[in-house]
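Note sheet for the following structure.
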Amino acid sequence: MISKKGWDRIYERLLTVPSLIVVSVFISMFAFLIYRSLPILESKSLGHILLSSRWNPDRGSFGLFPMIIGTILVTVIAMVIAVPISIFSAIYISEYAPRSVKSTIKSIIDVLAGIPSVVYGMCAILVLVPLVSDHVGPFFGVDTTGYSVLTAGITLSVMIFPIIISICVEAFQSVPLTLREASLTLGATKWETVKYVVFRKASPSVYSSILLGFGRAFGETMAVAMVIGNLPFVPRSVFSPATTIPAIIATTYGEMMSLPLFDSAIMFSALLLLIIVVIFNILAKVVIMKYSR
Amino acid sequence: MTDNKENRIVTKDLNVWIGKNHILKDVNIGIPPRGITVILGPSGCGKTTLLKTFNRLIDLVDGVKVRGTVLLDGTDVYHNTQDIEGVRKKMGLLCQRPTPLPMSIYDNVIYGLWVHGERSRKALDRKAEIYLKKVGLWAEVHDRLTDPATKLSLGQQQRLCLARGLAVEPEVILCDEPTSALDPTSSRKIENMLRELKSVYTIVLVTHTLRLAELLADHVIFIYGGRVVEQGDADQVFNNPTKKLTKAFMVGEIS
């Protein structure tokens with residue numbers, strides 16, 4: 001016969017198991033990636049892997065620089081487009097939209113966040129690729145197939161709207177009414193109140209939403225791989241095809257078994273990606289903790 | 001007491017609904033230009049709502065409906081063409097809990113001046129000093145003006161909010177239980193300050209504390225259940241209340 005207290009202790013123990021599983025999966029992924037990255041790290045210097053722009057696995061060149069540049073470019077384009085649009089639309093939704101509009105837009109954004117990335121990729125191929133090759137490229141006097149860094153960046157920006165918007169809306173709405181009243185009673189207009197008080201008060205969450213969006217953009221694979229052209233060269237312009245770290249992993253995985261160092265190089269890129277995304281998530285948390293009080 | 005000419009703020013048949021709740025019922029009051037007018041009544045009787053109709057902060061409430069007239073110096077606050085920012089600027093507000101804006105001490109004091117277009121650093125510095133001195137805060141904060149305002153104690157924050165309100169040179173100061181969140185010493189400082197200010201400003205103070213009302217009031221408006229029960233000079237209302245409800249409140253039978 002187990003006493004009530006005894007059961008209580010048993011449940012307590014049992015409930016730690018799921019969390020342990022989650023944590024150990026993460027740690028073993030990390031360990032596994034490090035282990036499989038060792039061969040390439042032993043035969044090439046870290047500087048060579050990160051900074052050489054020659055990616056030619058058949059000849060034993062494993063420079064990840066083109067993918068790193070591609071990833072950074074695509075992410076930066078996505079952020080430049082997504083951050084202002086998302087923040088302004090969050091301000092509209094939270095501060096200006098009538099209540100019915102507010103709930104409609106909010107549910108649309110929730111749906112956007114749930115759309116699989118392959119769907120975004122499809123739509124980008126159908127709409128964005130021709131748009132870039134037939135109109136945007138010619139407008140700037142550039143010959144492009146449309147499969148380019150720019151196309152990937154725009155696609156990504158649409159994918160990170162929902163992340164930034166939903167976190168910002170939440171943050172703006174949690175600014176206390178008394179603060180808005182304080183600003184308004186001093187004779188400030190609504191826009192001044194939003195700009196100087198609401199936005200400032202919510203800024204830690206805004207920064208953190210940007211970092212989370214950054215992390216998402218950095219790691220996105222499918223949609224990018226579908227529209228970026230997948231060529232392992234440093235792009236000459238935003239209209240050139242290129243590739244990113246996640247895209248090179250996804251597109252070359254099948255062919256790499258025969259070359260041991262190739263396998264290891266890909267594992268190392270995965271490790272790199274994991275580390276960067278983890279860093280961005282930690283940064284987002286730190287920003288929230290540091291500035292919210 | 002509801003005569004237009006003598007009073008700074010007048011309401012006529014003011015009714016306010018929030019959603020389906022009828023919060024204020026046929027409120028007719030007049031607030032004289034000098035001295036402290038205390039709006040007294042138990043919690044939830046509509047005092048704060050009444051205060052917020054004066055500077056139209058009530059507009060921020062979802063589902064609010066206002067009928068009737070609120071006159072400030074004879075002009076209709078709810079008129080379509082009314083410049084709301086202008087009305088609000090004339091009335092400073094001191095809340096129950098201090099509301100420091102998310103910026104430095106200095107920026108808090110000059111915020112109102114800044115949004116009204118004052119950009120001269122010299123003028124802003126001078127105003128900041130004047131109004132911080134006026135609320136007795138200058139000596140305590142002059143060497144850390146760039147610190148976030150939230151680092152101050154609650155009492156200091158409340159005086160900062162008062163300085164910030166005074167800096168835009170209002171004519172009316174609205175206070176909503178301005179001392180209820182403060183310790184006794186800080187409360188006394190605020191009370192003394194209001195007493196000093198009442199010769200220059202119209203002060204309207206909302207409270208449910210009889211003690212505070214007796215301490216500060218020159219005029220009293222007693223509200224119960226959204227209706228004005230009695231209004232008049234403090235002496236008369238406190239010592240010779242004419243209505244049964246007022247008497248009951250004075251002796252603590254209702255609260």
Side-chain angles (χ1 to χ4, degrees), chain A residues 87 90-106 167-210 286-293, chain B residues 48 51-52 54-63 83-104 107-118 148-151 157-158 160-170 172-176 181:
Chain A
I87 289 178
I91 289 176
Y92 172 74
I93 295 167
S94 151
E95 306 298 317
Y96 291 92
R99 215 196 278 183
S100 54
V101 177
K102 201 177 281 192
S103 56
T104 315
I105 304 186
K106 266 181 157 179
I167 296 176
C168 287
V169 167
E170 197 80 13
F172 294 150
Q173 285 182 335
S174 66
V175 173
L177 181 67
T178 52
L179 275 190
R180 298 160 198 265
E181 289 181 345
S183 169
L184 291 171
T185 50
L186 294 167
T189 59
K190 185 163 183 180
W191 172 240
E192 286 163 340
T193 303
V194 168
K195 190 165 57 163
Y196 297 127
V197 177
V198 176
F199 187 79
R200 207 176 285 196
K201 184 77 183 173
S203 56
S205 301
V206 174
Y207 297 141
S208 125
S209 76
I210 292 173
V286 170
V287 167
I288 281 268
M289 281 200 303
K290 195 165 172 193
Y291 293 101
S292 54
R293 193 58 276 221
Chain B
T48 302
L51 197 70
K52 286 185 176 178
F54 297 165
N55 62 358
R56 294 192 58 171
L57 270 191
I58 196 83
D59 295 8
L60 269 63
V61 178
D62 264 338
D83 157 33
I84 303 178
E85 282 81 38
V87 168
R88 287 187 180 140
K89 187 177 172 239
K90 280 192 189 171
M91 300 195 233
L93 175 72
L94 202 56
C95 291
Q96 200 161 359
R97 299 188 63 82
T99 51
L101 298 172
M103 46 188 86
S104 69
D107 287 343
N108 259 279
V109 184
I110 61 149
Y111 179 79
L113 299 165
W114 173 268
V115 298
H116 291 108
E118 179 58 83
T150 45
K151 279 197 177 165
Q157 287 181 18
Q158 193 66 315
L160 178 67
C161 293
L162 186 57
R164 183 180 68 192
L166 294 178
V168 295
E169 290 164 358
V172 182
I173 302 175
L174 307 174
C175 308
D176 188 359

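No hydrogens, no waters, no symmetry mates; every other heavy atom, side chains included, goes into these values. Throughout, a chain's letter reflects where its sequence line sits, starting with A, and its residues are numbered from 1.
Heavy atoms closer than 4.5 Å to chain A are found in both the backbone and the side chain of Leu101(B). For Pro100(B), the part sitting under 4.5 Å from any heavy atom of chain A is the backbone (N, CA, C, O) and nothing else. With a 4.5 Å cut-off on non-hydrogen atoms, Lys52(B) touches chain A through its side chain but not through its backbone.
Note that CG of Leu177(A) and CG of Leu57(B) are 8.0 Å apart. Values are rounded to the nearest 0.5 Å. Taken from CD1 in Ile84(B) to OG1 in Thr189(A), the straight-line distance is 11.0 Å, to the nearest 0.5 Å. How far OG1 of Thr185(A) is from CZ of Phe54(B): 15.0 Å, rounded to the nearest 0.5 Å. To the nearest 0.5 Å, atoms CG (Leu60(B)) and NZ (Lys190(A)) are separated by 7.5 Å.
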Exercise for the section: Start with the C-alpha distance between Glu181(A) and Thr99(B), add both sets of side-chain angles, then the distance that settles side-chain contact (heavy atoms from CB on, under 4.5 Å), and finish with yes or no. Expected result: CA-CA 9 Å; Glu181(A) 289 181 345; Thr99(B) 51; over 6 Å; no
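Top candidate by heavy-atom pairs under 4.5 Å with chain A, chosen from Met91(B), Glu85(B), Arg97(B), Arg56(B), is Glu85(B).
Heavy-atom neighbours of Glu170(A) CD from other residues, nucleotides or ligands within 6.0 Å: at or below the threshold of 12.
Residues Glu192(A) and Val115(B) come closest through the heavy atom pair OE2-O, 3.4 Å. In terms of heavy-atom proximity, Tyr111(B) sits nearest to Leu186(A) at CD2-CD1, 3.6 Å. Smallest separation of non-hydrogen atoms from Leu184(A) and Arg88(B): O-CD, 3.3 Å. In terms of heavy atoms, His116(B) sits closest to Gly187(A) at NE2-O, 3.5 Å.
A heavy-atom distance below 4.5 Å is not found between the side chains of Tyr196(A) and Asp107(B).
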